[in-house]
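First comes the structure, then the notes that go with it.
Computed from a prediction, not measured in an experiment: that's the story for all the values here. A, B, ... follow the sequence lines: proteins, then strands. Residue 1 opens every chain.
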Amino acid sequence: MRDELGSPIGRDRFRRPSIEVAPDMLGLVLVSGDRAGRIVEVEAYMGELDPGSHAYRGPTPRTATMFGPPGHLYVYFTYGMHWCANVVCDEDGRASAVLVRALAPLTGVEAMRADRPAARSDRDLCSGPAKLCQALGIDGSFDGVDVVSGSDGVMLLDDGWVPEAPPVVTTRIGLSAGVDAPWRWCVPGDPNVSRPSGRGGIIAR
DNA sequence: CGTTTGATGCTCT
DNA sequence: GAGCATCAAACGG
């Protein structure tokens, strides 16, 4: 299954601040069990330096994974009903993470449809951080899993695909603090991107 | 199309 | 008790 979808990624790729890792994650394949999608939208969260980050006020039980070693999944629960998934970055002890905000579905699309009955089209399957978790079957039990080794069925792969154009850069979505940081990156023109532009419009392309 | 609103429960103050 | 890294349904033009 993995061999067909791409090659494993070294942990060193995540051993940097999330604002460096995030744009490099566009195009990678996120695999969960028999389902997979290509990452087309990400956001960076810079831990204790970032008022928009869950880690801004220091470590708590909820954010423990984000303060741990890179290459693991930080999965959190929000709005009383949704799960969202980040990939932890930077050295152990520094809370830096990349939120995966949208995927282009690749495999297991039938299973995704079954788990996302509200989706009116396949573009609604993974076009948002909570949607993609539902589509891939990711919930709180996946917090802390290693996406480099893939030992728990969730893995990031590189199949060599690269966007035709440089990423679109915007401000982040849905925050009340840290709203001005241009830390959201999208694959230009991809129909699965959750929203074409951020609060301040498109900052760079 | 666009914007608005209700759902729903965990987390930290 | 307030706020939330969201989503879908219900509106209005």
Side-chain angles (χ1 to χ4, degrees), chain A residues 14 17-23 25-26 30 37 39-68 70 72-90 94-103 105 112-144 147 167-186 191-203:
Chain A
F14 304 103
S18 57
I19 52 173
E20 295 181 25
V21 177
M25 281 176 55
L26 292 177
L30 178 61
I39 296 175
V40 296
E41 177 183 345
V42 293
E43 280 177 358
Y45 288 85
M46 291 292 283
E48 290 170 293
L49 306 173
D50 176 8
S53 170
H54 293 160
Y56 184 52
R57 293 166 201 280
T60 66
R62 178 204 206 188
T63 60
T65 304
M66 219 186 335
F67 285 84
H72 294 254
L73 224 51
Y74 162 55
V75 181
Y76 68 89
F77 185 66
T78 192
Y79 290 104
M81 57 194 100
H82 298 304
W83 298 99
C84 297
N86 296 248
V87 177
V88 175
C89 299
D90 214 328
R94 292 193 207 142
S96 194
V98 175
L99 174 66
V100 182
R101 283 196 56 92
L103 306 174
M112 294 185 191
R113 291 185 189 125
D115 277 353
R116 293 221 70 240
R120 303 181 106 269
S121 80
D122 285 357
R123 294 202 338 276
D124 296 332
L125 250 25
C126 300
S127 53
K131 296 179 189 177
L132 90 252
C133 281
Q134 195 178 8
L136 295 197
I138 293 173
D139 62 18
S141 68
F142 288 80
D143 182 50
V147 297
V168 165
V169 186
T170 82
T171 54
R172 296 174 293 181
I173 304 291
L175 306 191
S176 64
V179 297
D180 292 328
W183 290 346
R184 174 175 178 250
W185 292 267
C186 307
N192 299 280
V193 166
S194 68
R195 287 166 58 179
S197 91
R199 173 175 169 272
I202 295 173
I203 293 165

> Taking the side chain of A/P61 as its heavy atoms from C-beta onward, which of C/dT6, B/dC12, C/dA5 lies nearest to it?
Replying inline: B/dC12
> Is the base of C/dA5 touched by the side chain of A/Y76 through a donor-acceptor pair closer than 3.5 angstrom?
Replying inline: yes
>> In this structure, how many angstroms lie between the P atom of C/dC4 and the CZ atom of A/F77, rounded?
In response: 16 Å
>> Students often get this wrong, so: under 4.0 angstrom with heavy atoms, is A/N86 touching a base, only sugar-phosphate, or nothing?
In response: base
>> Assuming nearest nucleotide by heavy-atom distance, tell me which of A/A177 and A/A118 is located more 5' along DNA chain C.
In response: A/A177
> What is the distance from NZ of A/K131 to C1' of C/dA5, rounded to the nearest Å?
Replying inline: 15 Å
> Touch check for A/R172, heavy atoms < 4.0 angstrom, all strands: base, sugar-phosphate only, or nothing?
Replying inline: nothing
> When we call it a touch if two heavy atoms are under 4.0 Å apart, what does A/Y79 touch: a base, just sugar-phosphate, or nothing?
Replying inline: base
> Do the ring centers of A/H82 and A/F77 come within less than 6.0 Å of each other?
Replying inline: no
> Testing A/L103, A/V100, A/N192 for side-chain contact (heavy atoms from CB on, under 4.5 Å) with A/V40, which one passes?
Replying inline: A/N192
>> Expressed as a whole number of angstroms, how long is the span from A/R116:CZ to C/dT6:P?
In response: 14 Å
> Rounded to the nearest Å, what distance is computed from the CZ atom of residue A/R57 to the C1' atom of nucleotide C/dG3?
Replying inline: 11 Å
>> So A/M66 and A/S53, do their side chains get closer than 4.5 Å, heavy atoms only?
In response: yes
> Rounding to a whole Å, what distance do you find between A/Y74:OH and C/dA5:P?
Replying inline: 8 Å
>> Tell me the interatomic distance from A/L99, atom CG, to C/dC4, atom C1', rounded to whole angstroms.
In response: 14 Å
> Looking at A/K131, A/R172, A/R184, which hits salt bridge (charged side-chain N to carboxylate O under 4.0 Å, His left out) with A/E41?
Replying inline: A/R184
>> Using side-chain heavy atoms (C-beta onward) and a distance below 4.5 Å, is A/V98 in contact with A/C89?
In response: yes
>> Does A/G52 reach a base, just sugar-phosphate, or nothing at all? Heavy atoms under 4.0 Å.
In response: base
> Please give, in whole Å, the distance from B/dT11 C1' to A/M81 CE?
Replying inline: 15 Å
> Looking at C/dT6, C/dA9, C/dC4, which one has an atom nearest to any side-chain atom of A/A130?
Replying inline: C/dT6
>> Just the rounded figure in Å: distance from C1' of C/dA10 to CZ of A/R120.
In response: 12 Å
